[in-house]
Amino acid sequence: MASYKSDFIRTLEERGFLHQCSDIDTLDALAAKEMVTAYIGFDCTADSLHIGHLISIMLLRWLQKTGHRPIALMGGGTTKVGDPSGKDEARQLLSVDQINANLASIKRCFANYLSFNDGPNGAIMANNADWLDQLLYVPLLRDIGRHFSVNRMLTMDSVKLRLERDQPLSFLEFNYMILQSYDYLELARRYDCKLQMGGSDQWGNIVMGVDLGRRVADKSLFALTTPLLTTSSGAKMGKTASGAVWLNAERLSPYEFWQFWRNTEDADVGRFLKLFTELPLDECNRLGTLRDAEINTAKTILANEVTKLAHGETAAREAEATAKATFAGGGTGDALPTVETARADIEKGLPVFEALRLAGLVKSNGEGRRLIKGGGVSVNNEVVGDETAQVSMKDVRDGAIKLSVGKKRHALMKPTA
């Protein structure tokens, strides 16, 4: 392992964040002698970020904790275009009102991870709509567009993969990398930002921004990416059978968030502790070597630490208590995800498969039927054997009906007036 001078680069190396860097020795030397301002961009395609973004958020957190200044760049402008990276087809275009509503909701994700204060390295939240919306087309073509080679743009994965698969790539999307590069130039001018970071799929776009800064403003800029994150079994990080693992509590309850981390594969525990918590490295390594029943202790610590950062210590404690009540005691717990359903619907009898769908435990009634048929569904801890079974008011216990899919996914259905 290389011996780095700066706390920032050394931390990234030790905890597994480093994938590529345009000039790591020069960046390391710079970070060792002065405060470096760096940014990561987040488009506003939904009203919450998900754990696929979490490695980037932790990257900004470690940047700030090691004395440097993070910029969380909200893509109020670039979301109007849509990033083609990793996509087989164009993203659905959102209205300006939708983008602004998503942006406002996403901002809350960062309050638990970054310190937005007036200090020298206080975090900055910027919105690229502030400058991109003001650009004039012909001046942009003349002053910025002339520095981009179409030959080179066609070699970028975000473009090349679409073309190789004979899938359409709109001229709108083709411009995305130019606008992202312009963001870097603008942040360099406004905040003396010298580093753009992101996932490995963004390498080409980031390097283009480095090149643009050199050509237009004679600035020495840097690029740094994190590795593509997959589980040990090869699955893409951040997806579950029921959908994305969102960071906003309105999209996913703290209990469900906690439970996702508690279900981490054994082989990933040590790595995820390093990436997604602030536990000391020695402790991460120790916990990662535990085996058999002991690894469950490490998974609980992982779930608690990650949930504490995302939702606060109280939410983490409540989630753990609910898990213990649900699994160890056969109870319900207070933090289980809850869905309210009209009392009249329950009184007349609600098919269990439909109740599962309403509670978000399955995506369709057909999926619910199949799970019931396979013996994988329980109501109030009793296995449902008939796919036509219904729940009614007689199933209400302590004000709710407990629905379960397998041993790890649960929800409460509460009747309302």
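Below, each value reflects all heavy atoms present in this structure, side chains not excepted, and no hydrogens, waters or symmetry copies. What you see is a predicted model; the values in this text were computed from it and never measured. Numbers for residues simply follow the sequence, beginning at 1.
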N/O donor-acceptor pair under 3.5 Å between [X] side chain and [Y] backbone:
{"X": "Thr307", "Y": "Asn304", "result": "no"}
{"X": "His53", "Y": "His50", "result": "yes"}
{"X": "Thr264", "Y": "Trp261", "result": "yes"}
{"X": "Asp47", "Y": "Asn102", "result": "no"}
{"X": "Asn128", "Y": "Gly77", "result": "yes"}
{"X": "Asn380", "Y": "Lys402", "result": "yes"}
{"X": "Asp28", "Y": "Ile9", "result": "no"}
{"X": "Tyr184", "Y": "Leu195", "result": "yes"}
{"X": "Asn205", "Y": "Met177", "result": "no"}
{"X": "Asn248", "Y": "Ser48", "result": "no"}

Heavy-atom closest contact ([X] atom, [Y] atom, distance):
{"X": "Ala123", "Y": "Phe116", "value": "O-CD2, 3.2 Å"}
{"X": "Ala188", "Y": "Leu221", "value": "CB-CD2, 4.2 Å"}
{"X": "Pro254", "Y": "Ala319", "value": "O-CB, 4.2 Å"}
{"X": "His68", "Y": "Ala31", "value": "CE1-O, 3.2 Å"}
{"X": "Ser404", "Y": "His410", "value": "OG-ND1, 2.7 Å"}
{"X": "Cys44", "Y": "Thr79", "value": "N-OG1, 2.8 Å"}

- Message: For Asp192 and Thr37: C-alpha separation, side-chain torsions, deciding distance, then whether side-chain contact (heavy atoms from CB on, under 4.5 Å) applies.
- Response: CA-CA 7 Å; Asp192 193 27; Thr37 298; 5.6 Å; no
- Item | Residue pair Asp211, Arg152: steps toward the salt bridge (Lys or Arg N to Asp or Glu O under 4.0 Å) verdict | CA-CA 12 Å; Asp211 189 50; Arg152 186 182 179 195; 3.7 Å; yes
- With sequence neighbours excluded, tell me which residues meet side-chain contact (heavy atoms from CB on, under 4.5 Å) with Asn365.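 With sequence neighbours excluded, Asn365 shows a side-chain contact (heavy atoms from CB on, under 4.5 Å) to Phe353, Glu354, Arg357, given in chain and number order.
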Any side-chain heavy atom of [X] within less than 4.5 Å of one from [Y]?
{"X": "Leu93", "Y": "Leu172", "answer": "yes"}
{"X": "Arg15", "Y": "Trp62", "answer": "yes"}
{"X": "Ile51", "Y": "Trp246", "answer": "no"}
{"X": "Met125", "Y": "Lys107", "answer": "yes"}
{"X": "Arg409", "Y": "Gln259", "answer": "no"}
{"X": "Pro227", "Y": "Phe17", "answer": "no"}
{"X": "Leu18", "Y": "Leu224", "answer": "yes"}
{"X": "Arg190", "Y": "Trp131", "answer": "yes"}

Carboxylate-amine/guanidinium contact [X] [Y], below 4.0 Å:
{"X": "Arg286", "Y": "Glu283", "result": "yes"}
{"X": "Arg291", "Y": "Asp266", "result": "no"}
{"X": "Arg369", "Y": "Glu387", "result": "yes"}
{"X": "Asp133", "Y": "Lys80", "result": "yes"}
{"X": "Glu13", "Y": "Arg10", "result": "no"}

- Any side-chain donor-acceptor pair under 3.5 Å between Tyr176 and Asp43?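 Indeed, the side chains of Tyr176 and Asp43 share at least one donor-acceptor pair under 3.5 Å.
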- Message: Checking Glu294 against Thr297: is there a side-chain donor and acceptor pair closer than 3.5 Å?
- Response: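 Short answer, no.
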Distance from [X] atom [atom1] to [Y] atom [atom2], nearest 0.5 Å?
{"X": "Gln20", "Y": "Ser22", "atom1": "CD", "atom2": "OG", "value": "10.0 Å"}
{"X": "Ile40", "Y": "Leu73", "atom1": "CD1", "atom2": "CG", "value": "10.5 Å"}
{"X": "Cys193", "Y": "Ile71", "atom1": "SG", "atom2": "CD1", "value": "4.5 Å"}
{"X": "Lys160", "Y": "Arg165", "atom1": "NZ", "atom2": "CZ", "value": "11.5 Å"}
{"X": "Ser200", "Y": "Asp157", "atom1": "OG", "atom2": "CG", "value": "9.5 Å"}
{"X": "Ile106", "Y": "Leu247", "atom1": "CD1", "atom2": "CG", "value": "10.0 Å"}

- Item | Thr226/His19 under side chain to side chain donor-acceptor pair (under 3.5 Å): CA gap, chis, key distance, verdict | CA-CA 5 Å; Thr226 57; His19 179 60; over 6 Å; no
- Query: Step by step, would you call Ser364 with Glu367 a side chain to side chain donor-acceptor pair (under 3.5 Å)?
  - Reply: CA-CA 5 Å; Ser364 66; Glu367 182 186 356; 4.6 Å; no
- Yes or no on salt bridge (Lys or Arg N to Asp or Glu O under 4.0 Å) for Glu320 and Lys308, after CA distance, side-chain angles and deciding distance? CA-CA 11 Å; Glu320 183 180 8; Lys308 193 187 304 180; over 6 Å; no
- Flag if over 12 foreign heavy atoms under 6.0 Å of CG, Asp218: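 Counting other residues, nucleotides and ligands, CG of Asp218 stays at 12 neighbours or fewer.
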- Any chance CD of Glu265 has more than 12 other-residue heavy atoms, nucleotides or ligands included, within less than 6.0 Å?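 Yes, CD of Glu265 has more than 12 neighbouring heavy atoms, counting only those of other groups under 6.0 Å.
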- Query: Passes side chain to side chain donor-acceptor pair (under 3.5 Å), Gln202 versus Gln180? Steps please.
  - Reply: CA-CA 10 Å; Gln202 292 295 316; Gln180 183 172 330; 3.3 Å; yes
Listed pairs under 3.5 Å, donor-acceptor, residues 267-280 side chains, sequence neighbours left out:
residue: Asp268; atom: OD1; partner: Ser232; partner atom: N; Å: 3.1
residue: Asp268; atom: OD1; partner: Ser232; partner atom: OG; Å: 2.4
residue: Asp268; atom: OD1; partner: Arg271; partner atom: NH2; Å: 2.9
residue: Asp268; atom: OD2; partner: Ser232; partner atom: N; Å: 3.0
residue: Arg271; atom: NH1; partner: Thr230; partner atom: O; Å: 3.4
residue: Arg271; atom: NH2; partner: Thr230; partner atom: O; Å: 2.8
residue: Lys274; atom: NZ; partner: Asn285; partner atom: OD1; Å: 2.9
residue: Thr277; atom: OG1; partner: Leu273; partner atom: O; Å: 2.6
residue: Thr277; atom: OG1; partner: Leu279; partner atom: N; Å: 3.2
residue: Glu278; atom: OE1; partner: Arg61; partner atom: NH2; Å: 3.3
residue: Glu278; atom: OE2; partner: Arg61; partner atom: NE; Å: 2.3
residue: Glu278; atom: OE2; partner: Arg61; partner atom: NH2; Å: 3.1

- Message: Tell me if the aromatic rings of Tyr191 and Tyr39 count as close, with their centers under 6.0 Å from one another.
- Response: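 Distance test on ring centres: not under 6.0 Å, no.
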- Task: Start with the C-alpha gap between Asn117 and Ser115, add the side-chain angles, then the distance that decides, and say whether side chain to side chain donor-acceptor pair (under 3.5 Å) holds.
- Result: CA-CA 6 Å; Asn117 56 55; Ser115 178; 2.6 Å; yes
- Task: Quick one: do Cys21 and Leu27 satisfy side-chain contact (heavy atoms from CB on, under 4.5 Å)? Show the steps, please.
- Result: CA-CA 9 Å; Cys21 185; Leu27 177 61; 3.8 Å; yes
